[in-house]
Amino acid sequence: MSHDPNLVSHLLSLSQRCTSMRELKTIHGRLLRLNLHLNTLILAKLLRFAAVSPSGDLHYAHTLFCHTPHPDTFFYNTLIRGYAKTASTSQPISLFTHMRRSSTPPDEFTFNFLLNACSRMLKLGEEIHGQVFKLGFSRNTHVQNALIHLYAANRFPEIARKVFDEMPQRDVVSWSSLVVAHVKARDLDSAKKVFDEMPERDVVAWTALITGFDRVGHFAEALVLFWKMQEAGVQPDEVTILGVVSACANLQDLEAGMSVHCYIEERGFSWMVALCNALIDMYSKCGCLEKAWAVFERMPRRSLVSWNSIILACALHGAGEEALRLFQEMTKEAGVRPDGATFLAAMSACAHEGWVVEGWRLLESMEREHGIPATIEHYGCMAGMLAHAGQLEAAYDLIMSMPVPSTEEVWRVLLSACKIHGNAAMRERIVNRLL
DNA sequence: GTAGGGTTAG
């Protein structure tokens, strides 16, 4: 059955411009009705949308793939690429195995996506590295870059370096990835050294270094780099600013924080949820609950972290009522599932206000109703609350019976409470335990 | 049709 070439090219351009799964399914339906569903060119476009677009549907992509009689390298690559964005490593690997069995030749794209998919599992990544070597891709810049990323992500800077050194050609990605390898290993001296040697530095390289300095506690250095970056004529983007806001927060530098906030507004970055979350945290750490609140209120979308950040901000600034009200609003009205950090924030509010009963209620409900295991921080928070309230025996019993190992910190809190409440006997009991 | 940098926790 032959088809009007105009119709085919029309459907092709439709599938190229596809913007939603609804549209995609309509096109797919038409293909089926017209018996055009084996047209690989059109199918490839549909598959790409379903597999990699943020509004795609990986399941649907996989189904499309399965109904393709002879998927070529592009089909495999695209589906592996889609899975690389998820946590699944088994799917990309089984696709690769399938690919090898069906004698579909992998190309540089295959290894790129495959290595990305496996970057959380070093063992698998190393096996892919072997295949890269065996199949002759060890001189390909993109593939080698993905290998550097693999070893960087798994904290093996020296192997990353080895891959880098053996590359016949390096691009800015190779260099940045090496900077990242040292940053991940918290070796900022080496990171800075590589950075200084770079023939050209782009926004990613600067961002990696800024974020790195922030991570290891060199906050001021991070801010200095941010200014140098702009002097060098490189435009910071959302991710850069994320690190910069975090550095301002850690420095409790309200002035710098506010100027960065202005920058965010000017550049139109405030759509980014993570960035707003970082701002909430920054204002909270700088002691400006009102400003933290203003950011939270204006957010068009909120994530779990947004709620956690604002609840903690309220908790730490003596707005316990507000913190618990937000906790209710979050879980009941907004329908956001709390996590361990949420409960810690809400319990911190109770600790701040001395609401022991409410604290207990939260600790119990997190485990029983929400199935979130309490950590030493939750128990420590609760024990501290009890100790402060003078319920020393209860605090002691809690620490002794909790299912996680206690820390010196927890005992110290109880010790000082014993001193305040004049309980010498328990003081001695604890000291003997610690010795 | 390649890639690398990413927020919360007294």
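Quick note on labels: first sequence line is chain A, next is B, and so on, each numbered from 1.
- More than 12 heavy atoms of other residues, nucleotides or ligands lie within 6.0 Å of CD in A/E297, so this atom counts as buried by the packing criterion.
- Nearest to the side chain of A/R48, among B/dT8, B/dG5, B/dG1, sits B/dG1.
- For B/dT2, neither phosphate oxygen OP1 nor OP2 lies less than 4.0 angstrom from any side-chain nitrogen or oxygen of A/R81.
- For the pair A/R325 and A/E329, the salt-bridge criterion is met [side-chain N within less than 4.0 Å of a carboxylate O].
- Using a 4.0 Å cutoff on non-hydrogen atoms, the parts of residues 222-250 of chain A near DNA chain B are A/D237, A/V239, A/T240, A/L242, ordered by number.
- One finds no salt bridge joining A/E221 and A/K192 here, because no Lys/Arg side-chain nitrogen approaches an Asp/Glu carboxylate oxygen to under 4.0 Å.
- Atom CZ in A/F113 sits roughly 14 Å away from atom C1' in B/dG4 (whole-Å rounding).
- Of all the residues in residues 122-158 of chain A, A/H142, A/H149 reach under 4.0 Å from DNA chain B with at least one non-hydrogen atom.
- Across the protein-nucleic acid pair, A/M282 atom CE and B/dT8 atom P stand 13 Å apart, rounded to whole Å.
- Taking every heavy atom of residues 185-204 of chain A and every atom of DNA chain B, pairs under 4.0 Å involve A/D202, A/V203, A/V204, by number.
- Comparing B/dG10, B/dT7, B/dG4 by their closest approach to the side chain of A/L316 singles out B/dG10.
- Considering only side-chain atoms of A/N77, the nucleotide from B/dT7, B/dG1, B/dG10 that sits closest is B/dG1.
- Taking a 6.0 Å sphere around CD of A/Q169, one finds it holds 12 or fewer heavy atoms contributed by other residues, nucleotides or ligands.
- For A/N116, the listed nucleotide lying nearest its side chain is B/dG4; candidates were B/dT7, B/dT8, B/dG4.
- Separating the CG atom of A/N277 from the C1' atom of B/dG6 is a distance of 12 Å, rounded to the nearest angstrom.
- When distances run from any side-chain atom of A/N112 to the nucleotides B/dG1, B/dA9, B/dT2, the shortest one goes to B/dT2.
- Protein atom CH2 of A/W271 is 15 Å distant from nucleotide atom P of B/dG6, rounded to whole Å.
- Between A/D165 and A/R161 there is a salt bridge, since a side-chain N of the basic residue sits under 4.0 Å from a carboxylate O of the acidic one.
- The local environment of NE2 in A/H388 is sparse, with at most 12 non-hydrogen atoms from other residues, nucleotides or ligands closer than 6.0 Å.
- Remark: P of B/dT8 and CD1 of A/I372 are 19 Å apart, rounded to the nearest angstrom.
- The pair A/E166-A/K162 meets the salt-bridge criterion, since a charged nitrogen lies less than 4.0 angstrom from a carboxylate oxygen.
- In this entry the distance linking CG of A/L362 with P of B/dA9 reads 19 Å, nearest Å.
- In this model, no donor atom of one side chain and acceptor atom of the other lie less than 3.5 Å apart for A/D281 and A/S284.
- Rounded to whole angstrom, the span from the CZ atom of A/R170 across to the C1' atom of B/dG4 amounts to 16 Å.
- Using a 4.0 Å heavy-atom distance criterion, A/A274 is classed as a base contact.
- When heavy atoms are screened at a 4.0 angstrom cut-off, A/S348 is found touching no nucleic acid atom at all.
- Ring-plane geometry between A/Y60 and A/H28 is classed as perpendicular, the angle between the planes exceeding 60 degrees on a 0 to 90 degree scale with a lower cut at 30.
- Within 4.0 Å of A/V52, counting heavy atoms only, lies no atom of the nucleic acid at all.
- More than 12 heavy-atom neighbours from other residues, nucleotides or ligands sit within 6.0 angstrom of CD on A/E158.
- Heavy atoms of other residues, nucleotides or ligands lying less than 6.0 angstrom from NZ of A/K291 number 12 at most.
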| field | Worked verdict on A/H62 versus A/Y83 for ring-ring contact (aromatic ring centres under 6.0 Å, His included) | value | CA-CA 10 Å; A/H62 208 137; A/Y83 278 113; 5.6 Å; yes

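- Atom NZ of A/K184 and atom C1' of B/dG6 are 9 Å apart (whole Å).
- A/F327 and A/F343 have perpendicular rings, their planes meeting at more than 60° on a 0 to 90° scale where under 30° would count as parallel.
- Between the side chain of A/T207 and the base of B/dG5, at least one donor-acceptor pair of N or O atoms lies under 3.5 Å.
- In the set B/dT2, B/dG5, B/dT8, B/dT8 carries the atom at the smallest distance from any side-chain atom of A/A341.
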